[in-house]
Amino acid sequence: MSRKFANAGEVETSSGNVFEDLGAANAEERLAKALLSRTIQQVIAQRGWSQAKAAREIGLAQSDMSDVVRGKLGKFSLERLESIILDLDMDIHMRVSPKKPSAARGRVSVELVIA
């Protein structure tokens, strides 16, 4: 869907997945990895840990932790990111539901629940 605004050019409404909007391959997986990375970053921040401390606590190389926190996720699988979250003593709940009738495709979301 496109809209025109005076003197602003054309604006395209997002699908909700920036990777899909950019035409990236494996857009759903990339979004899921980005959301998991953000969740890892939030957990670390909530605990007041540095990247180095987080890496030590879960047995990950500090350079890998830096990549996760900075969103450099090419070498990380979804399963590896999930493993990092489990190593942070967090639970993961997955829920699958029908997509909204108005949506062209289903979507991926990740929510951090603070106890």
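Small disclaimer: the values here were computed from a predicted structure and weren't measured.
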Less than 4.0 Å between a side-chain N and a carboxylate O, is that true for Arg105 and Glu28?
yes
Let me confirm one number: the CZ-CG distance from Arg80 to Leu73, rounded to the nearest 0.5 Å.
12.5 Å
Sub-4.5 Å side-chain heavy-atom contact between Ile40 and Leu88:
yes
Using the side-chain contact (heavy atoms from CB on, under 4.5 Å) rule, take Met90 and Leu112 through it: C-alpha gap first, then chi angles, then the decisive distance, then the call.
CA-CA 10 Å; Met90 302 297 289; Leu112 174 60; 3.7 Å; yes
Which pair of heavy atoms, one from Val110 and one from Arg38, lies closest together, and at what distance?
O-NH2, 3.8 Å
Output for pair (Ile58 CD1, Ile84 CD1), nearest 0.5 Å, gives 5.5 Å
Side-chain heavy atoms under 4.5 angstrom apart, residues restricted to Ile, Leu, Val, Met, Phe, Trp, Tyr: same cluster for Met94 and Leu31?
yes
Rounded to the nearest 0.5 Å, what separates atom CD in Glu29 from atom OG in Ser77?
8.0 Å
Shortest non-hydrogen contact from Lys33 toward Phe76
NZ-O, 2.6 Å
Ser50 and Ile44 have their tightest heavy-atom pair at O-CG2, 4.2 Å
Got His93 and Val113 here, is their nearest side-chain heavy-atom distance under 4.5 Å?
no
For the CG atom of Leu86 and the CG atom of Asp91, what is their distance to the nearest 0.5 Å?
8.0 Å
Could I get the full list of salt bridge (Lys or Arg N to Asp or Glu O under 4.0 Å) partners for Asp87, not counting sequence neighbours?
none
Shortest non-hydrogen separation from Met65 to Ala55 and the atoms involved:
CB-CB, 3.9 Å
Rounded to the nearest 0.5 Å, how far does CZ of Arg70 lie from CD of Gln41?
11.5 Å
Give a yes or no on whether Lys99 atom NZ has more than 12 heavy-atom contacts from other residues, nucleotides or ligands under 6.0 Å away.
yes
Return the OG1 to CG distance between Thr39 and Leu81, rounded to the nearest 0.5 Å.
10.0 Å
